[in-house]
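The structure appears below as structure tokens.
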Amino acid sequence: MPHRTPITRDFFDRPVLEVAPDLLGRTLVRTTSDGPIELRLTEVEAYNGPTDPGSHAYRGRTRRNAAMFGPPGHAYVYFIYGMWFSVNLVCGPVDSAGAVLLRAGEITTGSELAQKRRPTARKESELAKGPARLATALDIDRTLDGSDICAGPGAPFALLAGEPARADRIRTGPRTGVSGDGAVHPWRFWVEGDPTVSPYRAHTPRRRQPSI
């Protein structure tokens, strides 16, 4: 079955702005101890390494972002706001630090497992609607940072060919919640009209709590 064909590393070894829209419609497989969960990708965001002010790699390599610097075809998982995880797929040659944030998707297999992790979701289209919800539904945390997406059977992740989104349904616009110079890039890609796509939100500075 062509749609079950595993994606190989050369798919990721391309400029991040080529990979990002090509991920739409692909199937991400997350193998958990309770069983597999599969997700059809419907929304992503591209981050273009040291040339991109919105990227975690803009100021260089750190312990946190090391996975972004390659090799391609690995996961970069980070912790945000002290409570959520998000997952990216690393692209481009080693040291280019390109990565695609997985923002949203449709759970196609293992929805009951995802629902246990996302009990507040009112319907299935909300299980992985947004990057933190996606990571929660798929049981992703920092222990999976650096995981090889192309490692084969038994690995925590795999990416299958799926059914790539039609070009006439792919839309692009500003990235969500990105501030400063990085906000101007229209590097969010999504499938038009899909109910799992998360709503656009401009960056809102977080208020600091007054000291007592």
Side-chain angles (χ1 to χ4, degrees), residues 7-24 26 28 30 39 41 43-105 128 130-151 155-159 172 174-190 198 201-206 208:
I7 295 291
T8 56
R9 200 170 312 282
D10 58 340
F11 174 92
F12 297 101
D13 195 9
R14 298 181 289 158
V16 68
L17 292 174
E18 291 183 17
V19 176
D22 203 8
L23 283 169
L24 297 175
R26 309 291 184 174
L28 181 71
R30 167 75 177 102
L39 175 100
L41 290 167
E43 182 187 7
V44 299
E45 272 177 358
Y47 289 86
N48 200 20
T51 65
D52 179 2
S55 169
H56 288 178
Y58 183 58
R59 300 187 186 280
R61 186 192 298 259
T62 66
R63 180 182 298 180
R64 180 199 194 200
N65 69 19
M68 288 187 74
F69 288 81
H74 287 67
Y76 166 48
V77 181
Y78 63 87
F79 193 46
I80 190 169
Y81 300 141
M83 63 182 73
W84 308 115
F85 296 96
S86 293
V87 60
N88 303 252
L89 304 184
V90 177
C91 307
V94 172
D95 291 332
S96 67
V100 181
L101 172 65
L102 306 186
R103 286 201 52 86
R133 292 174 176 179
L134 183 153
T136 301
L138 271 61
D139 193 17
I140 295 172
D141 60 24
R142 276 285 288 178
T143 64
L144 296 171
D145 183 51
S147 296
D148 189 348
I149 305 296
C150 308
F157 294 108
L159 188 70
T172 182
R175 295 183 295 199
T176 297
V178 176
S179 62
D181 293 339
V184 302
H185 298 307
W187 291 350
R188 181 170 68 100
F189 302 88
W190 69 92
S198 59
R201 292 187 178 90
H203 173 73
T204 302
R206 303 189 75 198
R208 297 185 64 181

Determine the minimum heavy-atom distance between [X] and [Y], stating which atoms define it.
| X | Y | value |
| --- | --- | --- |
| L23 | L89 | CD2-CD1, 4.1 Å |
| G54 | V178 | CA-CG1, 4.1 Å |
| A99 | M68 | CB-CE, 3.9 Å |
| A75 | A67 | O-CB, 3.7 Å |
| L39 | A128 | CD1-CB, 3.6 Å |
| S55 | A97 | OG-O, 4.5 Å |

Discussion item. Angle between ring planes, W187 versus H185, binned at 30° and 60°: parallel, tilted or perpendicular?
Written reply: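 Geometry flag for H185 against W187: parallel rings.
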Item to complete: Specify whether F79 and F85 have parallel, tilted or perpendicular ring planes, treating 30° as the upper limit for parallel and 60° as the lower limit for perpendicular.
Response: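 Because their plane-to-plane angle lies in the 30° to 60° range, the rings of F79 and F85 count as tilted.
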Does [Y] offer a backbone N or O that forms a donor-acceptor pair with the side chain of [X] under 3.5 Å?
| X | Y | value |
| --- | --- | --- |
| R14 | C91 | no |
| T172 | P186 | yes |
| E45 | T176 | yes |
| N65 | G60 | yes |
| R188 | E43 | no |
| R175 | A46 | yes |

Worksheet item: Taking the side chain as C-beta and beyond, is there a heavy-atom pair between H74 and D148 under 4.5 Å?
Response: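 Answer yes - side chains close enough.
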Worksheet item: How far apart are the C-alpha atoms of F11 and V19, what are their side-chain angles, what is the distance that settles it, and do they pass the side chain to side chain contact (heavy atoms under 4.5 Å, CB included) test?
Response: CA-CA 7 Å; F11 174 92; V19 176; 3.8 Å; yes
Discussion item. Among N88, L138, L28, exactly one meets side-chain contact (heavy atoms from CB on, under 4.5 Å) together with L102. Which residue is that?
Written reply: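 Exactly one pass, corresponding to L28.
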Worksheet item: Pick from V100, I149, V90: which one makes a side-chain contact (heavy atoms from CB on, under 4.5 Å) with F12?
Response: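 Passing option: I149.
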Rounded at 0.5 Å granularity, tell me how far [atom1] in [X] sits from [atom2] in [Y].
| X | Y | atom1 | atom2 | value |
| --- | --- | --- | --- | --- |
| L41 | D22 | CG | CG | 11.0 Å |
| R103 | R133 | CZ | CZ | 10.5 Å |
| S86 | L134 | OG | CG | 8.5 Å |

Discussion item. Looking at F157, I'd like to know if the NZ or CZ of R30 sits under 6.0 Å from its six-membered ring centre while staying within 45 degrees of the ring's axis.
Written reply: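 Yes, a cation-pi geometry holds between R30 and F157.
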Practice prompt. Begin from the C-alpha positions of D139 and L144 and carry the test side chain to side chain contact (heavy atoms under 4.5 Å, CB included) through to its verdict.
Written response: CA-CA 10 Å; D139 193 17; L144 296 171; over 6 Å; no
Item to complete: Decide salt bridge (Lys or Arg N to Asp or Glu O under 4.0 Å) for D145 and R64; before the verdict, give the C-alpha distance in whole Å, the side-chain angles of both, and the deciding distance to 0.1 Å.
Response: CA-CA 9 Å; D145 183 51; R64 180 199 194 200; over 6 Å; no
